Amino acid sequence: MKAAIYTRYGSPEVIQIIDVEIPSPKPNEILVKIKASSVTRADTMMRQGIPKFGRLFLGLFKPKNTALGTGFSGVVESVGEQITTFKIGDEVFGEKLFSNGCNADYLCISEDMVIELKPDTISHSQAAPICDGFLTSYNFLKDIANIQQGQHILINGASGSLGSAAVQLSKLVGAKVTVVCSAKNIDFVLALGADDVLDYTKVNLNELPYKYDVIYDAVGKLSYKDSKKIISSDGIFMTPVLSIQILWQMLWNSKQVKFTATGMKKTKDLKRLFNELVHFFKQSKLHTSIDRTYGLSDISKAHQYLETGRKVGNVVIVNL
Ligand SMILES: NC(=O)c1ccc[n+]([C@@H]2O[C@H](COP(=O)([O-])OP(=O)(O)OC[C@H]3O[C@@H](n4cnc5c(N)ncnc54)[C@H](OP(=O)(O)O)[C@@H]3O)[C@@H](O)[C@H]2O)c1
């Protein structure tokens with residue numbers, strides 16, 4: 001089978017497509033024939049080995065895990081002898097977290113991981129990136145902010161994968177949603193359900209005459225220090241983007257400033273959130289936006305596109 005790997009940190013050109021044996025599932029694993037997989041900003045950062053302190057976990061001089069790709073959707077090809085949840089032919093999707101290996105033709109995954117039956121309401125391409133934007137943003141909105149009906153949220157970077165998911169999830173609970181994007185993406189974010197749109201090239205957010213209950217800086221471009229005056233006294237500022245600055249600010253104001261990484265959460269809690277998301281997708285209450293699709297052999301081009309910082313929604317690898 002074909003699989004995308006990287007054996008050193010660097011530009012998208014470090015990615016190679018190699019031939020490897022199709023893996024055999026262990027007793028508690030299933031073998032999935034992958035139909036679609038995600039390419040995410042987290043993947044591009046792991047490939048580059050940034051931020052550099054992340055190399056303490058990823059591998060100091062070269063990546064310890066050379067496989068690429070965290071989100072997948074596909075069909076169960078075979079099952080280990082202890083498997084009770086899935087059977088051959090089931091359409092499944094989920095996330096391999098830091099173990100990667102989804103940008104390939106097949107993967108083995110334990111049934112205890114973040115994996116569910118794919119709803120018929122969505123395609124494999126729509127399912128594969130759900131654990132990036134939706135699962136990450138749902139964790140922030142539900143488990144961290146506990147956002148409620150009537151609260152006012154400001155979402156910065158609403159045109160990205162996490163932002164576009166956050167707009168829909170916030171509207172689902174009945175929050176008032178103001179989003180920030182550039183002029184070319186205004187129609188896109190309005191179609192997701194945003195109530196108000198601010199163009200970040202024209203508006204200075206820190207001078208707005210409003211106070212928000214929640215600021216979700218999905219692309220890590222704002223500063224908590226500068227945003228303080230537009231956060232209500234019991235409001236919070238959250239971002240999924242790790243920086244020394246955000247860790248420092250969390251140290252001094254852990255109640256109002258929040259960063260977390262999906263991969264830091266216990267699998268059982270991720271499964272709970274994922275299960276709820278699947279329920280919403282079954283009811284067609286959420287929608288995955290796909291910007292571009294690529295074949296596995298063109299995965300370097302997908303990484304190049306992500307690095308422009310201009311993607312709208314999600315980028316997906318489709319296996320033929
Ligand atoms: N903590 C976690 O567990 C976790 C999990 C997944 C991802 N992440 C992180 O989350 C971040 C967001 O990823 P993503 O895939 O949603 O989006 P992304 O690809 O990083 O961002 C793309 C979007 O951001 C918009 N944008 C660029 N500059 C902006 C600015 N100054 N203000 C507002 N919008 C701006 C772009 O629109 P324009 O072209 O209009 O500018 C584009 O549509 C990444 O840094 C990723 O590493 C964290």
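The structure displayed is predicted, hence computed values, not measured ones. Start at 1 and go down the list; that is how both ligands and their atoms are numbered.
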Do the numbers put R47 on top of the ring of Y9, so that NZ or CZ is under 6.0 Å from the six-membered ring centre and no more than 45° off the axis?
no

Quick check on K282: does its NZ atom have over 12 non-hydrogen neighbours (other residues, nucleotides or ligands) under 6.0 Å away?
no

For A218, the atoms of ligand 1 under 4.0 Å from one of its heavy atoms are 10 (O), 11 (C), 12 (C)

Near K184, which atoms of ligand 1 are under 4.0 Å from a heavy atom of that residue?
38 (P), 39 (O), 40 (O)

Candidates T136, V315, L242; heavy atom nearest atom 2 (C) of ligand 1 found on T136

Please confirm whether the ring centroid of F134 lies under 6.0 Å from the ring centroid of F281.
yes

Check whether any side-chain heavy atom of V189 lies under 4.5 Å from a side-chain heavy atom of I155, and answer yes or no.
no

Just so I know, are the side chains of V219 and P240 near enough to count as touching, which here means a heavy-atom distance under 4.5 Å?
no

Starting from atom 37 (O) of ligand 1, what is the nearest protein heavy atom, named by residue and atom, and what distance separates them?
S159 OG, 3.2 Å

N or O contact, C181 vs ligand 1, cut-off under 3.5 Å:
no

Judged by heavy atoms only, the candidate from P240, G157, C131 nearest atom 34 (N) of ligand 1 is G157

Atoms of ligand 1 close to D132 [distance to a heavy atom under 4.0 angstrom, numbered from 1]:
6 (C), 7 (C)

Criterion side chain to side chain contact (heavy atoms under 4.5 Å, CB included) against V167, the qualifying member of I153, T178, V177:
V177

For atom 40 (O) of ligand 1, the closest protein heavy atom turns out to be S182 OG, 2.3 Å

Counting each atom of ligand 1 from 1 as listed, which ones have a heavy atom of K221 under 4.0 Å away?
28 (N), 30 (C), 31 (N)

Between E276 and K142, is the closest basic N to carboxylate O distance under 4.0 Å?
yes

Among protein heavy atoms, which sits nearest to atom 3 (O) of ligand 1, and what does the distance come to when rounded to 0.1 Å?
T262 N, 2.8 Å

Can you pull out the closest protein heavy atom to atom 39 (O) of ligand 1? Residue, atom name and distance to 0.1 Å, please.
R310 NE, 2.6 Å

Taking N or O atoms only and a 3.5 Å limit, does T260 qualify as a polar contact for ligand 1?
yes

Regarding D195 and K171, does a basic nitrogen lie under 4.0 Å from an acidic carboxylate oxygen?
yes

Derivation of the salt bridge (Lys or Arg N to Asp or Glu O under 4.0 Å) call for D298 and K301:
CA-CA 5 Å; D298 281 333; K301 289 185 188 150; 3.4 Å; yes

Looking at atom 36 (C) of ligand 1, what's its closest protein heavy atom, distance included?
G309 O, 3.4 Å

Can you sort out which atoms of ligand 1 are near L162, meaning under 4.0 Å from one of its heavy atoms?
6 (C), 7 (C), 8 (N), 10 (O), 16 (O)

Please confirm whether G220 approaches ligand 1 to less than 4.0 Å, judged on its heavy atoms.
no

May I ask you to identify the nearest protein heavy atom to atom 21 (O) of ligand 1, giving residue, atom name and distance to one decimal place in Å?
V219 CG1, 3.6 Å

Polar atom proximity, Y200 to ligand 1 (N or O, under 3.5 Å)
yes

Using the benzene-type ring in the case of Trp, are the ring centres of F72 and F93 under 6.0 Å apart?
no

Under 4.0 Å from a heavy atom of A261: give me the atoms of ligand 1 that qualify, with their elements.
1 (N), 2 (C), 3 (O)

Taking atom 45 (O) of ligand 1 as the reference point, the nearest protein heavy atom with its distance
V241 CG2, 3.4 Å

Note: ligand 1 atoms sitting under 4.0 Å from heavy atoms of M45 are 47 (O)

K265 and D143 ion-paired at < 4.0 Å:
yes

Students should be able to answer this: which protein heavy-atom is nearest to atom 44 (C) of ligand 1, and at what distance?
R41 CB, 3.7 Å

Can you check whether M238 reaches F259 side chain to side chain, under 4.5 Å on heavy atoms?
no

What atoms of ligand 1 come closer than 4.0 angstrom to any heavy atom of K311?
14 (P), 15 (O), 17 (O), 19 (O), 22 (C), 23 (C), 42 (C), 43 (O)

So is R292 actually on top of Y305's ring, under 6.0 Å and inside 45° of the axis?
yes

